[in-house]
Amino acid sequence: MEALKKNPAWKGRRGPLVLVIMDGVGYGKYREGDAVADSKMYNLNAVAAKSPKTKLKAHGTAVGLPSDEDMGNSEVGHNAMGCGRVFNQGAALVTKSIETSAMFEGEAWKEIVSNVKKNNNALHFIGLFSDGNVHSHLDHLKAMIIRAKKEDVRRVCIHVLFDGRDVGETSALEYIDPFENFLKELNNDNFNAKITSGGGRMWITMDRYGADWSMVDRGWKTHVLGKGRQFSSAREAVETYRKEIPGIIDQDLKEFVITENGKPAGTIEDGDSVVYFNFRGDRALEITAAFEQDNFDKFDRVRRPRVCYAGIMEYDGDLHVPSRYLVNPPSIDHTMGEYLVSSGIRTLAISETQKFGHVTYFFNGNRTGKFDDKLEEYVEIKSDVIPFEQRPWMKCAEITDHVIAAINSGKYDFIRLNYPNGDMVGHTGVYQAVVCSMEAMDIQLGRLIKAAVEAGAIMVLTADHGNSDDMFEHDKKTGAVSLKADGSPKSKTSHSLNPVPCIIYDPEYKNEYPRELNEGLGISSIASTCIQILGLMPPHDYDKSVLKM
């Protein structure tokens, strides 16, 4: 790839450009439930008051999702910031593939189906059981079940992962009951589909970045081996756990196994086929490794059934994981990272485990590894394996320690970091913890700001999507806060549809750009913005910068 041309209007700065991604921090629509506005963000507010700033779109079509009713997420947000353009993302690609039947005409689907038909084996579906459209969508699962019946598959087992994160925190039964009716209408003497196991997404199966492999271990025992507390139905499991564990939300529901005649109804056996129907890759890679890897050492699988396994999408384009997938992922090329190494820019990317892959893998267009070992350094600060509401400050101080040392070292031209607090703590629904997380992050922003001033650096402060800015459920028509039976606000644990900040803190401003920024842009504009501040000209096909240069 050719180097980017120099920007003749740029006069340069003594220090590096620092891109600060405040994960899950947006501008709230409602005053009640806006934990960002409710927090004492002294440092962020002081910088915003004296710096050029604008609001950026971080959801829906602005980040490649099907409609503006779709909330943004960390995956598509970092994709957009890292590649400077908008690509159709997982949900849209899968939906189109189903609508055109391209999925069912593909070789992977044919292999999945023919494998189970040979010996009348079971077809298993594992994935997030909601219509949140961030990791999965129930419509995709339904379409595949209907097609399986049409192609004379006789037995389907569904292993559900309750959401409570991208949808209402206690909405599981709102999905179970209609889905059970859907299956009842399909089932007959020649076709039987049923829910056979499950649990909450933050308790089993859906770990990411190696943060807690015990989640995947529990998922394997539940889905594959049929080991877990037994129930007659998914509804019974949910109702029982809610009675036994007051206040438990869906994402934390314990594992369960559905039985028939005293035995697990859907263990995964030799000759079966398995489809992992999440389209988003970060929380799909570990369970995929458990099914596909020969030399697997993360936990004792006890037995590894010989199955025909497929993901609904390719989750890692470099490693080609999984080996079989139903829908081609977006082809994201010419990322900012590629251009920067071609232009000799020295880069540091850093976060803690929970978001490390976002400032590396997703930022680089779903690519594992570096573009240039000499010009790039990636640093992962290990996350605590503990509920985030119990440590809402997470690792923001340790991230800041490293970044300040990096700024002072003079080794880097561009530093990008992700503070996960607003997103990861926001998903817990614990309002007090979210406020604590925001104020903890703000303390670290104060340290970064001081370092930027001393080094003559520029900071671009933004976010990949909203979350902490919208912590209560609201009536869509009236805007009133939705209340629980006890009169307290009903927590919202999903992302928001709100815009996010873009603040340019430039303590050694040299008048290269007007202080009034472009408005109405999406977060894909971050790439061109950063490239301009690095003294280069953005590629012609990148979305325009917030800077009027």
Side-chain angles (χ1 to χ4, degrees), residues 16-27 36 41 43-44 47-48 53-59 62-63 72-84 209 282 335-337 340 347-365 378-381 383 394-396 398-400 402-403 406-407 412 414-426 437-438 440-442 444-445 448-449 452 457-469 495-496 498-505 521-531 533 546:
L17 165 62
V18 183
L19 173 62
V20 182
I21 301 168
M22 303 177 292
D23 212 298
V25 176
Y27 291 107
V36 178
M41 305 282 280
N43 295 302
L44 180 61
V47 164
K53 58 185 176 293
T54 188
K55 297 179 180 180
L56 300 177
K57 300 173 185 176
H59 75 285
V63 289
N73 63 69
S74 297
E75 175 190 19
V76 301
H78 285 78
N79 276 169
M81 285 188 282
C83 72
Y209 309 146
D282 54 347
T335 64
M336 177 164 60
L340 295 186
T347 296
L348 168 66
I350 179 172
S351 187
E352 63 176 275
T353 305
Q354 289 295 333
K355 296 292 181 177
F356 174 69
H358 289 81
V359 290
T360 55
Y361 172 81
F362 288 123
F363 202 92
N364 289 337
Y378 296 167
V379 174
E380 174 187 358
I381 307 294
S383 292
M394 299 185 69
K395 294 296 183 180
C396 59
E398 290 87 339
I399 293 169
T400 306
H402 200 104
V403 172
I407 291 172
Y412 306 100
F414 178 48
I415 299 170
R416 61 180 184 262
L417 66 129
N418 180 299
Y419 287 131
N421 308 58
D423 188 42
M424 302 311 297
V425 185
S437 79
M438 289 292 93
M441 182 185 73
D442 190 66
Q444 303 311 318
L445 287 175
L448 276 187
I449 291 163
I458 296 181
M459 294 172 63
V460 174
L461 299 104
T462 189
D464 52 346
H465 57 77
N467 185 333
S468 292
D469 45 284
H495 297 167
S496 73
N498 295 327
V500 300
C502 179
I503 303 166
I504 311 295
Y505 180 58
L521 304 179
I523 54 175
S524 57
S525 64
I526 291 296
S528 288
T529 303
C530 289
I531 288 171
I533 293 173
V546 302

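FYI, the numbering just counts along the sequence from 1.
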Colleague: Using a 4.5 Å cut-off on heavy atoms from C-beta on, say whether the side chain of Leu19 contacts that of Phe363.
Modeller: yes
Colleague: Can you tell me how far apart CD1 (Ile399) and CD (Glu380) are? Round to the nearest 0.5 Å.
Modeller: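 The distance works out to 10.5 Å.
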Colleague: Is a side-chain donor or acceptor of Asp442 paired with a backbone partner of Met438 at a separation under 3.5 angstrom?
Modeller: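 No, because the side chain of Asp442 does not come within donor-acceptor range (under 3.5 Å) of the backbone of Met438.
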Colleague: Within the side chain of Ser528, is there an N or O that forms a donor-acceptor pair under 3.5 Å with the backbone of Ser525?
Modeller: no
Colleague: Do side-chain atoms of Ser351 reach the backbone of Leu417 as a donor and acceptor pair under 3.5 angstrom?
Modeller: no
Colleague: Please verify the inter-ring angle class for His495 with His465; under 30° counts as parallel, over 60° as perpendicular, anything in between as tilted.
Modeller: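 Rings of His495 and His465: parallel, under 30°.
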Colleague: If every non-hydrogen atom of Glu352 is compared with every non-hydrogen atom of Cys396, which pair is closest and at what distance?
Modeller: OE2-N, 4.3 Å
Colleague: How long is the gap from CG on Leu521 to OG1 on Thr529, to the nearest 0.5 Å?
Modeller: 8.0 Å
Colleague: Quick check for you: to the nearest 0.5 Å, what is the distance between His358 atom NE2 and Glu75 atom CD?
Modeller: 7.0 Å
Colleague: Would you mind reporting whether Tyr419 and Thr400 have side-chain heavy atoms less than 4.5 Å apart?
Modeller: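 The answer is yes; the side chains approach within 4.5 Å.
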Colleague: Measure the CE-CE distance between Met41 and Met22 for me, rounded to the nearest 0.5 Å.
Modeller: 6.5 Å
Colleague: Apply side-chain contact (heavy atoms from CB on, under 4.5 Å) to residues Ile504 and Cys502 and explain how you reach the verdict.
Modeller: CA-CA 7 Å; Ile504 311 295; Cys502 179; 4.2 Å; yes
Colleague: side-chain contact (heavy atoms from CB on, under 4.5 Å), that's the test. Do Val546 and Val460 meet it? Break it down for me.
Modeller: CA-CA 11 Å; Val546 302; Val460 174; over 6 Å; no
Colleague: So, do Val425 and Ser468 sit near enough that their side-chain heavy atoms are less than 4.5 Å apart?
Modeller: no
Colleague: Only one of Asn467, Asn498, Val25 forms a side-chain contact (heavy atoms from CB on, under 4.5 Å) with Val36, so which one is it?
Modeller: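 Checked Asn467, Asn498, Val25 against Val36; only one passes side-chain contact (heavy atoms from CB on, under 4.5 Å): Val25.
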Colleague: Tell me whether Asp469 contacts the main-chain N or O of Gly26 through its side chain, where contact means a donor paired with an acceptor under 3.5 Å.
Modeller: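 Checked: pair present.
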Colleague: Asn43 side chain to Gln444 main-chain N or O, any donor-acceptor pair under 3.5 Å?
Modeller: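 Side chain of Asn43 to backbone of Gln444: no pair is present.
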Colleague: Could you report the tightest heavy-atom contact between Asp23 and Pro420, atom names first, then the distance?
Modeller: CB-CA, 3.9 Å
Colleague: Kindly determine whether Lys355 and Met424 satisfy side-chain contact (heavy atoms from CB on, under 4.5 Å), including the steps that lead there.
Modeller: CA-CA 9 Å; Lys355 296 292 181 177; Met424 302 311 297; 3.7 Å; yes
Colleague: What are the two closest heavy atoms between Thr360 and Ala349, and how far apart are they?
Modeller: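 Residues Thr360 and Ala349, closest heavy atoms: CG2-CB, 4.2 Å.
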Colleague: First locate atom OG of Ser524, then atom CG of Leu56, and finally report the distance between them rounded to the nearest 0.5 Å.
Modeller: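 Reported to 0.5 Å precision, the distance equals 8.5 Å.
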Colleague: Scan side-chain atoms only and decide if His78 and Asn418 contain a donor-acceptor pair under the 3.5 Å cut-off.
Modeller: yes
Colleague: Shortest non-hydrogen contact from Tyr412 to Pro16?
Modeller: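 That would be O-CB, 3.3 Å.
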Colleague: May I have the step-by-step check of side-chain contact (heavy atoms from CB on, under 4.5 Å) for Ile503 and Val20, ending in yes or no?
Modeller: CA-CA 10 Å; Ile503 303 166; Val20 182; over 6 Å; no
Colleague: Check whether any side-chain heavy atom of Val359 lies under 4.5 Å from a side-chain heavy atom of Ile350, and answer yes or no.
Modeller: no
Colleague: Please report the interatomic distance CD1(Ile531) to CD1(Ile526), rounded to the nearest 0.5 Å.
Modeller: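 Here the interatomic distance stands at 11.5 Å.
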Colleague: Quick one: closest heavy-atom pair of Thr353 and Ser383, and the distance?
Modeller: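 Smallest heavy-atom distance, with atoms named: OG1-N, 3.0 Å.
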Colleague: Could you report the tightest heavy-atom contact between Ala58 and Val500, atom names first, then the distance?
Modeller: CB-CG1, 3.9 Å
Colleague: Classify the side-chain pair Asp464/Ser74 by whether it contains a donor and acceptor separated by less than 3.5 Å.
Modeller: yes
